[in-house]
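Written out below as C-alpha cells is the structure these notes cover.
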2 protein chains.
Amino acid sequence: MMEATYRALCANGFASLTMQDIADEADKSTSLLHYHYDTKQDLLVAFLRYLIERFEERFEDTEDEGPEERLRGFVSRMVPDDDGEDDYDRFGLAIMELRMQAPYEDAYREQLRTNEAVIRSRLADVVRDGIEEGVFREVDPDRTARLVFDALDGARSERVTVGADEAPAEVAAALDEFVFSSLLVAEGEADEGDETE
Amino acid sequence: MMEATYRALCANGFASLTMQDIADEADKSTSLLHYHYDTKQDLLVAFLRYLIERFEERFEDTEDEGPEERLRGFVSRMVPDDDGEDDYDRFGLAIMELRMQAPYEDAYREQLRTNEAVIRSRLADVVRDGIEEGVFREVDPDRTARLVFDALDGARSERVTVGADEAPAEVAAALDEFVFSSLLVAEGEADEGDETE
DNA sequence: CGTTACTGACTGACCAGTCAGTTAGTGAGC
DNA sequence: GCTCACTAACTGACTGGTCAGTCAGTAACG
C-alpha cells in the first residue's frame with residue numbers, strides 16, 4: 001500500500017495524484033483505500049510517517065563512522081552521483097509538492113515538521129559529535145546543520161523544478177569550500193577549550 | 001489584472017487558485033480572463049514575466065552601492081526583518097507551489113528558468129564586481145551566488161511550509177559566518193571593525 | 001458599423017468520498 | 001467434517017461538487 005503510494009507519486013507527482021492512481025498501482029479499488037484510510041490526507045500522513053521511519057532505520061547504520069564521513073555521506077545521499085536515478089528526482093519533486101500544501105493542511109504540516117526536525121537534528125548531532133571529538137571547530141551545530149540542509153534543499157528544488165541538473169553538485173562544492181573546509185580543525189591541533197558561544 | 005492575480009495568489013495559494021478567484025479580485029468575469037488569455041497557464045506565464053520585469057526595475061536602483069551593501073541588501077530582501085509582512089510569506093509560498101508544477105508544464109518551466117537565471121546572474125554580478133574592486137577574494141561568482149541563493153531559498157521554503165520562522169534569519173547568520181566573512185579580503189583593514197548586529 | 005471589452009449560462013471532465021453489496025477467512029457448536 | 005455466524009477485506013456503481021474553458025450574446029467606443 002505504502003509502496004503503491006510511492007510508485008504513484010513517482011509516476012504522477014503529488015498535485016495530480018488521485019486515489020485512483022494509488023489504487024491502480026496497488027491493483028486494488030479506490031473503495032479499499034477509503035476503507036483503510038478515511039481520507040486521502042490520512043493516507044498521505046501515514047505515508048509520511050512510513051518515510052521517516054525508513055529514514056531512521058537507514059541512518060542508524062552509519063553511527064560507527066567518523067564525523068567527516070558521516071557529514072559527507074549525508075551530503076552525497078542528497079546529491080546522487082549517478083544521474084541514472086530517475087525516480088529520485090520524481091519522488092523528490094512529489095514530496096516538495098506535498099510540502100507546499102503543508103500550510104493549508106494541518107495534518108501534513110505536523111507530520112512534515114516532525115520529519116524535518118528528525119533529519120536536521122540527526123545532522124546537528126553529527127556536527128556536535130565532530131566538535132566533541134575535536135575534529136570540527138566550535139560552531140553552532142544547529143545553525144550549521146540548517147545551512148547545510150537548506151542549501152542542499154534549495155539546490156534540489158532548483159534542479160527538480162527547472163532542470164538545473166548541476167545545482168546540487170555545485171552547492172555541494174560550495175559547501176565544501178566555504179563550510180566543511182573551515183569546519184575541520186588543523187590536524188594534530190588541540191581538542192580542548194569548552195567555550196560556549 | 002496582474003495585480004488581481006497577485007492578490008488572488010496571496011489569498012488562496014496556487015494549488016487551489018481558480019480563474020474565479022482572480023476574476024473576483026479584479027471584479028470581472030472569468031470569461032474576460034479567457035478573452036485576454038486562452039488558458040490559465042497563459043495568464044500565469046504572463047504573470048511570471050510581469051514579476052521578473054518588476055524585479056529588474058527594482059534591482060537597477062542599487063547599482064551605485066558598494067558590493068558588500070548590495071550583497072547584504074540582496075539577503076535582507078529575501079529575509080524580511082519585520083514579521084508583519086503577511087503577504088510576503090503567502091506570496092512566496094504560492095510561487096513555490098507554482099515552481100513545483102514547472103516539470104509538468106513546459107510554459108511555466110521556461111519562464112521560471114528565465115526568472116531564476118536573471119536573479120542568480122544579478123547576484124553573481126555583485127560578487128564579480130566585488131572581486132574586481134578588490135573587496136572580495138577570488139571565488140567562483142556563479143557557484144557562490146548559487147550557494148547564497150539556494151540556501152536562502154531552502155530556508156524560506158522551510159519557513160513557509162512548516163512555519164520555521166527563524167530559518168531564514170538563522171541561514172542568513174550562517175552565511176554571514178561561513179561565506180561573507182571569508183569573502184571579504186583583509187586588505188589593509190582600511191574601513192573595518194564594522195560589526196552589524 | 002466595426003472592433004474591442006466584457007458577460008451569464010452552460011458543459012464536460014474529473015475526483016473524493018459513499019453505499020450497498022460480495023467474497024474470503026476464522027472459529028464455534030454439533 | 002459440516003454448517004452457521006461473524007468479521008475483515010474488498011468491489012462497482014454512483015453522487016455531489018468543482019472548475020477550465022466555450023459560446024452566443026450585449027455594451028461601449030470611435
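Chain letters run A, B, ... following the sequence lines, proteins first and then strands; every chain starts at 1. Just so it is clear, the model here is predicted, and its values are computed rather than measured.
Comparing C:dG17, D:dT11, C:dT7 by their closest approach to the side chain of A:Thr39 singles out C:dG17. Closest contact between the side chain of A:His36 and the listed nucleotides D:dA20, C:dG17, D:dA9 involves D:dA9. In this structure, the nucleotide among D:dA9, D:dT22, C:dC6 sitting nearest to the side chain of A:Tyr35 is D:dA9. Side chain of B:His34, nearest nucleotide from D:dA20, C:dT18, C:dG8: D:dA20. Nearest to the side-chain atoms of A:Met19 among the listed nucleotides C:dA16, C:dT7, D:dT11 stands C:dA16. The side chain of A:Gln41 sits closest to C:dG17 out of C:dT7, C:dG17, D:dC19.
Atom-to-atom, OH of B:Tyr37 to P of D:dG21 comes out at 14 Å; the value is rounded to the nearest Å. Computed from coordinates, the B:Asp24 CG to D:dA20 P distance equals 12 Å when rounded to whole Å. Atom-to-atom, CD of A:Gln20 to P of C:dA13 comes out at 17 Å; the value is rounded to the nearest Å. Separating the CG atom of A:Leu33 from the P atom of D:dT11 is a distance of 9 Å, rounded to the nearest angstrom. To the nearest angstrom, P of D:dT11 lies 15 Å from CD1 of A:Ile22. Spacing between atom CG of B:Leu32 and atom P of D:dA20 amounts to 15 Å, rounded to whole angstrom units. Straight-line distance from the NZ atom of A:Lys40 to the P atom of C:dT18: 15 Å, rounded to whole Å. Distance CG (A:Asp38) to P (C:dC19): 12 Å, rounded to an integer number of Å.
Residue contacts for B:Thr18: at a heavy-atom cut-off of 4.0 Å it reaches the sugar-phosphate backbone alone, with no base atom in range. Here B:Leu43 lies out of heavy-atom contact (under 4.0 Å) with every strand.
Of all heavy-atom pairs between A:Ile119 and A:Phe74, the closest is CG2-CZ, 3.6 Å. Across all non-hydrogen atoms, the minimal contact from B:Asp150 to A:Ala151 is CB-O, 3.8 Å.
Checking the phosphate oxygens (OP1, OP2) of D:dT11, a side-chain nitrogen or oxygen of A:Ser29 falls inside 4.0 Å.
Remark: B:Arg143 engages A:Glu170 in a salt bridge, criterion side-chain N to carboxylate O under 4.0 Å. Electrostatic pairing of B:Arg54 and B:Glu3 counts as a salt bridge here, judged by a charged N lying under 4.0 Å from a carboxylate O.
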Item to complete: Take B:Arg7 and B:Asp87 through the test salt bridge (charged side-chain N to carboxylate O under 4.0 Å, His left out) and record every step on the way to the result.
Response: CA-CA 9 Å; B:Arg7 286 195 302 274; B:Asp87 272 1; over 6 Å; no

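A heavy atom closer than 4.0 Å to some atom of DNA chain C occurs in no member of residues 100-110 of chain B.
With side-chain heavy atoms closer than 4.5 Å counting as contact, directly or through intermediates, the hydrophobic cluster containing A:Val162 also holds B:Met1, B:Met2, B:Tyr6, B:Leu9, B:Phe14, B:Leu17, B:Met19, B:Ile22, B:Leu33, B:Tyr37, B:Leu43, B:Leu44, B:Val45, B:Phe47, B:Leu48, B:Tyr50, B:Leu51, B:Phe91, B:Ile95, B:Leu98, B:Tyr108, B:Leu112.
Few gaps surround CZ on B:Arg137; more than 12 heavy atoms of other groups in view lie less than 6.0 Å from it.
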